[in-house]
Asks: 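I'd like to ask some things about the structure below.
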2 protein chains.
Amino acid sequence: MFEPVTIKDIAKALGLSTSTVSRALRDTHEISAATKKVVLEYAKEIGYQPNPIALSLKERRSKSIGVVVSEVANSYFSQAINGIESIAYDRGYHVIISQTHESFEREVSNVQHLASRSVDGLLVSLSSQTTDISHLTHLHDRGLPIVFFDRVADEIDTHKVIANNQQGAFDATEHLIKSGFKRIAHLTSSSHLSISIERLAGYEAALKAHNIKPNPAYVKFCPHGGMLYEETETAIKELLALPEKPDAIFVAGDRLSTGCLSVFKNLNVAVPKDMAIAGFSNSDVLDLFNPSITSIRQPAFEIGQLATQMLLQLIEAKYPVVEFEKKILETDLFIRN
Amino acid sequence: MFEPVTIKDIAKALGLSTSTVSRALRDTHEISAATKKVVLEYAKEIGYQPNPIALSLKERRSKSIGVVVSEVANSYFSQAINGIESIAYDRGYHVIISQTHESFEREVSNVQHLASRSVDGLLVSLSSQTTDISHLTHLHDRGLPIVFFDRVADEIDTHKVIANNQQGAFDATEHLIKSGFKRIAHLTSSSHLSISIERLAGYEAALKAHNIKPNPAYVKFCPHGGMLYEETETAIKELLALPEKPDAIFVAGDRLSTGCLSVFKNLNVAVPKDMAIAGFSNSDVLDLFNPSITSIRQPAFEIGQLATQMLLQLIEAKYPVVEFEKKILETDLFIRN
DNA sequence: TTAATTTGTGCAATCGTTCCCGACAACGTT
DNA sequence: AACGTTGTCGGGAACGATTGCACAAATTAA
């Protein structure tokens, strides 16, 4: 059906050997100008394209990187992906995106699928359900370059790129405090995720800085990160049932924010009259709507770019890299209302 | 660095030939049960994984399909991608996503990148700027399977999967009419896009069905499909400057809807008091916010699934397929406010 | 003129896998 | 006893491209 022209076709047509043709196309100095001209012109005429798969087999690399995110239908990740692509395509790499939908099983299966020598490196943001990372350590130990971004695993010694989650959480919580709210709850994703830990720390630091006694009952975890409506609903209902009902919530993620608003709408809780919300979100339509919520915005595009640059550096390193760094980018606070 | 185990390693360790090992692993009938057992056990022990690149070279297919969309940060496309992946991964295919950001140049470059024998087929939704499709016809003529979805090119004879855009546009427009609006404008993407043509037809049909005289000045095109704020702003301003200012707008796309709301917010036009809006959108957070806008929702996930099934059918067909079909899926009208 | 060097090209191996042959034993059939 | 079958296995050629090495022809140096 689809029969691409090969170097052999050119060689046969021109009465040359494949080696000569290959060298002519790669513009080696040891081929005469005349031969080069003939080969190049004929190659262009019949539309020769080198077969990347044959090259991959020979060079033992695929010129493609795998990306593992929870889902592309998430402003943060889609912006990060744009950053990833902007670097990767320029450097001649394909980008293969896979979604975990916050499921551990899908993460393992996707990583396994991407590995097995068909990608040269991995850009990973862990799923909220992931606690065991042996599927990644195994590959990393065998030499597959991996760079983490957003949700990182500190157990693996490699490059990492994250936003300053603690500062961002501090800013958001402090903004709620300065707006006059006293009883500030915190709705977050699963407790073992790096971003959850960092954001929780920022939330607690802000309370402490303003002499507000932290209330453990005010902190609610959603292991599925907002993917399950019921989970979010239960958490919110528990908060609302407390004797000292919170008057504001700092929400730690994009999906959780929308889940939260959804629950409030169904429970007829007015935002921000009955309950103020501030949270992490990279959605750019946030300020179009009411209720508008104050948000912490991460430099997702830059995070994607940086992570990719670091991954390519690992991939193309001549000698094994042993010195790794964790880059932390600052967040922005968008105050609305 | 990363040295995967090959069939040769197994052969050497077990004192067999590579052919025998290969056959044992593929469970051929001509290998004795004893040998099979030894090979399989050893392969499992050292964690053998067949090299997909070597397979691709031999089988002359990559077991991967390319997807061309305008951007993943779009509810419709991210849902369609989920549908695509749900089928592709089950059938053992990788999915390589590329974004055009509504640019013709990027579409050509992405398609070229994906082709050249590294994908077995293409799932394409055209960019809003694309009028010349020779980059696709060329590949299609040479036998590369292509299936269009959403924004299709009728010039190419292949499978196509779309929503019933005309009916959806009819429903949305009729809803505005039945809500009492008389002067209904239409804001749409570039004029040559299949979806624009179909949605315009539905809009006009609805006006006609209710004996409303169509006003050509009420129809505004945005060739960049909402990617440029200024373009959308100009279109809206022209509508507002008309002697008979419209009282409602039927918007033909997701990005245009948010662009539209953005312009109205900046111009202090109250929605829906001063201007009602209804439009195509697959966002699932639409009903969380005010102003809530009535929307036409496409079965994006199913469209993705169907398109992928049809593409895989083309890819895996033993004989060239000559009979092509265009599947049209119904839309849903979500009335809000 | 002869030897040494340069220049241009081809041969063959390689990457990992599959698969067409052919080899060769151990049978069963006439 | 001669021949055909069947069951197991290995050799080697592909797939498309690159590249070290060999080697002829042409050029230069002695």
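Reminder, nothing fancy here: chain letters follow the sequence lines and each chain counts from 1.
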Asks: If you check every side-chain atom of A:Y48, which of C:dG10, D:dT18, D:dA17 has the closest atom?
Replies: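 So the side chain of A:Y48 is nearest to D:dA17.
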
Asks: With respect to the side chain of A:S19, which nucleotide from C:dC19, C:dG10, C:dT17 is positioned closest?
Replies: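 Among C:dC19, C:dG10, C:dT17, the one nearest the side chain of A:S19 is C:dG10.
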
Asks: I want to verify a distance call: between D:dT18, C:dT18, C:dG16, whose nearest atom is closest to the A:L57 side chain?
Replies: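 Nearest nucleotide to the side chain: C:dG16.
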
Asks: If we count only N and O atoms by modelled type, under 3.5 Å, do the side chains of B:S22 and B:S19 hold a donor and an acceptor together?
Replies: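 B:S19 and B:S22 do not have a side-chain donor-acceptor pair below 3.5 Å.
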
Asks: Base, sugar-phosphate, or nothing for B:S56, non-hydrogen atoms under 4.0 angstrom?
Replies: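 Nothing, no nucleic acid heavy atom in range.
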
Asks: Taking B:K160 first and then B:E325, would you say they form a salt bridge - that is, a charged N and a carboxylate O separated by under 4.0 Å?
Replies: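 No salt bridge links B:K160 with B:E325.
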
Asks: Taking the side chain of A:K8 as heavy atoms from C-beta outward, which of D:dG16, D:dT18, D:dC15 is closest to it?
Replies: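 The listed nucleotide nearest to A:K8's side chain is D:dC15.
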
Asks: Please tell me which of the listed nucleotides, C:dT17, D:dG16, C:dG10, lies nearest to the side chain of A:L16?
Replies: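 Side chain of A:L16 sits closest to C:dG10.
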
Asks: For a 4.5 angstrom cut-off between non-hydrogen side-chain atoms, does B:K326 reach B:V161?
Replies: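 B:K326 vs B:V161: side chains apart.
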
Asks: Counting side-chain heavy atoms from CB outward, which of C:dC15, C:dT9, C:dT17 is closest to A:K58?
Replies: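 Looking only at side-chain atoms, A:K58 lies closest to C:dC15.
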
Asks: Quick check for you: among C:dT18, D:dG16, D:dT18, whose closest atom lies nearest to any side-chain atom of A:N51?
Replies: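 In terms of side-chain proximity for A:N51, the closest of C:dT18, D:dG16, D:dT18 is D:dG16.
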
Asks: CG of A:D27 versus P of C:dG8: gap in Å, rounded?
Replies: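 Nearest whole value for this atom pair: 13 Å.
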
Asks: In this structure, how many angstroms lie between the P atom of D:dT18 and the CD1 atom of A:I10, rounded?
Replies: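 My rounded result for the distance is 11 Å.
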
Asks: Counting C-beta onward and ignoring hydrogens, is there a side-chain heavy-atom pair between A:F149 and A:I162 closer than 4.5 Å?
Replies: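 Result no, sub-4.5 Å side-chain heavy-atom pair not found.
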
Asks: Both A:L55 and B:R23 contact DNA chain D. Which one's nearest nucleotide lies toward the 5' end?
Replies: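 Mapping each residue to its closest nucleotide by heavy atoms, the 5'-most match is B:R23.
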
Asks: In whole Å, what is the span from the CD1 atom of B:I53 to the C1' atom of D:dA17?
Replies: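 Taking atom C1' of D:dA17 as the reference, CD1 of B:I53 is at 14 Å.
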
